[in-house]
Amino acid sequence: MKVEKNTKKLYDNQANDWSRNEPILLSDYSARPFVLDLCEPLKNLTVLDMGCGEGYVGRQILKRGAQHVDGIDISDNMIANAKQIQENENIQNATYKAMNISDFKADKKEKYDLIIAMFLFNYLTIEETQATMEKALQLLKPGGYFIFSVPHPLLAYLKKDKYPFYFEVNGGYFSARNALFPGEIWRRDGVPVNVQCVHKTIQDYFSCLKNANFKTIPEVHELHITTDHINLDKKFFGPLEDLPLHMAFKIQKV
């Protein structure tokens with residue numbers, strides 16, 4: 001579909017700007033550390049990283065004791081970078097594949113203890129989001145967790161300036177469901193990278209989980225800039241102070 005092709009092209013063209021082994025992107029500070037803590041305990045877990053990019057989060061998960069991480073991403077260049085970093089760092093317990101999540105099938109009968117999706121669903125329609133959640137449920141072991149993060153659906157409507165993160169609104173909060181909002185997110189070194197958001201309401205995420213047949217109530221967190229962020233770099237983080245920046249969901253398969 002058009003959104004899928006746009007996403008692949010977007011990340012193929014800027015894959016090198018995402019490659020890092022330490023925090024540099026805004027969300028490396030404001031979202032990923034929180035989500036990694038939400039994944040704990042990770043020791044000896046098998047993990048599927050949906051929309052893994054160049055493997056940054058998966059590598060952090062391995063450092064925290066996971067047994068193995070499988071990463072999939074639609075961008076060939078992002079996966080190529082993930083494999084190059086894997087070779088450079090001699091990482092043995094990870095595999096990477098360039099493919100659409102809808103085409104993914106586990107290579108082994110054993111299912112996953114944990115599935116993560118860091119900022120994947122903002123590139124998918126409501127219908128694709130539900131289908132991907134259904135896939136996650138199928139691939140999880142009973143008792144396993146599905147954890148994902150998304151841009152907060154209200155941020156685009158509340159933040160008026162661009163730096164250091166924005167989405168360009170294309171319609172009203174309810175009428176623009178499934179509309180594509182282009183945007184940019186800045187790195188701390190001043191390099192901007194393009195991002196996109198297929199707009200969904202907060203209710204849409206809950207509805208997709210329910211319709212995907214998850215039976216439990218998700219744990220939900222609204223992520224924002226903290227005092228520690230401001231103390232670290234007021235110029236960079238200050239424009240986002242007191243705004244709803246991201247959401248993180250954690251739900252268990254029963």
Side-chain angles (χ1 to χ4, degrees), residues 18-25 27-73 78-79 81-99 101 104-121 132-150 205 209 212-223 226 228-229 246-254:
W18 286 85
S19 290
R20 74 274 193 211
N21 268 329
E22 57 186 35
I24 189 169
L25 290 153
S27 48
D28 292 341
Y29 298 90
S30 55
R32 290 178 178 87
F34 183 92
V35 173
L36 284 166
D37 288 344
L38 201 60
C39 291
E40 292 284 4
L42 281 160
K43 189 172 180 59
N44 297 325
L45 297 191
T46 56
V47 182
L48 174 62
D49 186 356
M50 293 178 165
C52 67
E54 44 72 74
Y56 177 76
V57 172
R59 292 192 296 274
Q60 303 303 311
I61 284 174
L62 290 173
K63 289 177 182 177
R64 290 177 178 230
Q67 177 182 326
H68 189 92
V69 172
D70 287 333
I72 56 173
D73 197 277
M78 289 289 244
I79 291 296
N81 284 351
K83 291 180 177 180
Q84 185 62 59
I85 295 171
Q86 179 184 26
E87 181 179 341
N88 293 345
E89 299 186 4
N90 194 29
I91 298 171
Q92 302 295 321
N93 47 348
T95 59
Y96 300 102
K97 294 181 179 179
M99 64 190 312
I101 181 59
F104 178 76
K105 295 181 180 179
D107 291 334
K108 47 190 178 296
K109 292 182 180 179
E110 183 181 2
K111 296 185 177 182
Y112 294 96
D113 299 299
L114 170 68
I115 296 177
I116 63 169
M118 293 290 302
F119 301 109
L120 168 65
F121 294 128
T132 302
M133 290 177 175
E134 290 172 0
K135 173 80 73 171
L137 186 64
Q138 294 168 7
L139 294 172
L140 273 175
K141 294 178 181 178
Y145 285 94
F146 180 41
I147 297 174
F148 64 93
S149 61
V150 295
Y205 289 108
L209 285 169
N213 210 29
F214 277 94
K215 300 297 186 182
T216 56
I217 297 174
E219 179 182 335
V220 182
H221 303 268
E222 293 180 292
L223 308 185
T226 66
D228 288 342
H229 294 132
H246 318 292
M247 296 186 73
F249 293 74
K250 179 177 182 178
I251 192 165
Q252 188 174 31
K253 177 177 179 177
V254 294

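Just so it is clear, the structure is predicted and the values come from calculations on it, not from any experiment. In this chain, numbering begins with 1 at the start of the sequence shown.
The two residues Gly55 and Ala82 come nearest to each other via the heavy atoms N-CB, 4.2 Å. In this structure, Leu223 and Ala248 approach most closely via the heavy-atom pair CD1-CB, 4.2 Å. When all heavy atoms are compared, the tightest approach of Ile115 to Ala136 is CD1-O, 3.3 Å. Across Asp73 and Gly53, no two heavy atoms sit closer than the pair OD2-N, 2.8 Å.
Side chains of Tyr56 and Asp28: a donor-acceptor N/O pair is absent below 3.5 angstrom, by distance only. In the model, Asn81 has no side-chain atom that pairs as donor or acceptor with a side-chain atom of Lys83 under 3.5 Å. For the residue pair His246/Ser30, the side-chain donor-acceptor check at 3.5 Å is satisfied.
Going from atom CG of Asp70 over to atom CZ of Phe104 covers 5.5 Å, rounded to the nearest 0.5 Å. Rounded to the nearest 0.5 angstrom, Glu89 CD and Asn21 CG are separated by 4.5 Å. Met133 contributes atom CE, which lies 10.0 Å from atom CE of Met50 (distance to the nearest 0.5 angstrom). Rounding to the nearest 0.5 angstrom, the gap separating the CD1 atom in Ile147 from the CD atom in Glu40 is 9.5 Å. Atom SG of Cys39 sits about 12.0 Å away from atom CG of Asp113, to the nearest 0.5 Å. Rounding to the nearest 0.5 angstrom, the gap separating the OH atom in Tyr96 from the CD atom in Glu54 is 8.5 Å.
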| field | Residue pair Lys253, Gln138: steps toward the side chain to side chain contact (heavy atoms under 4.5 Å, CB included) verdict | value | CA-CA 9 Å; Lys253 177 177 179 177; Gln138 294 168 7; over 6 Å; no

| task | Please lay out, stage by stage, how Met247 and Val220 fare under the test side chain to side chain contact (heavy atoms under 4.5 Å, CB included). | result | CA-CA 7 Å; Met247 296 186 73; Val220 182; 3.6 Å; yes

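Taking the six-membered ring where the residue is Trp, Phe214 and Phe146 present parallel rings, their angle staying beneath 30° rather than reaching 60°.
Phe249 is linked by a ring-ring contact (aromatic ring centres under 6.0 Å, His included) to Phe148, Tyr205, Phe206, counting only residues two or more places apart in sequence or in another chain.
Using a 4.5 Å heavy-atom threshold, the side chains of Val35 and Val57 count as separate. Using a 4.5 Å heavy-atom cutoff, the side chains of Ile79 and Cys52 are in contact. Looking only at side-chain heavy atoms (C-beta outward), Asp49 and Ile61 stay at 4.5 Å or farther from each other. Contact annotation: the side chain of Arg64 approaches that of Asp37 to within less than 4.5 Å [non-hydrogen atoms, C-beta and beyond]. Looking at His68 and Asn93, their side chains come closer than 4.5 Å, going by heavy atoms from C-beta outward.
No donor-acceptor pair closer than 3.5 Å links the side chain of Tyr145 to the backbone N or O of Lys250. Judged by distance alone, with hydrogens and angles left aside, the side-chain atoms of Gln67 form no donor-acceptor pair with the main-chain N or O of Thr46 at under 3.5 Å. Looking at Gln86, its side chain does come within 3.5 Å of a backbone N or O of Ala94 through a donor-acceptor pair. In this structure a side-chain-to-backbone donor-acceptor pair under 3.5 Å is present from Gln252 to Gly143.
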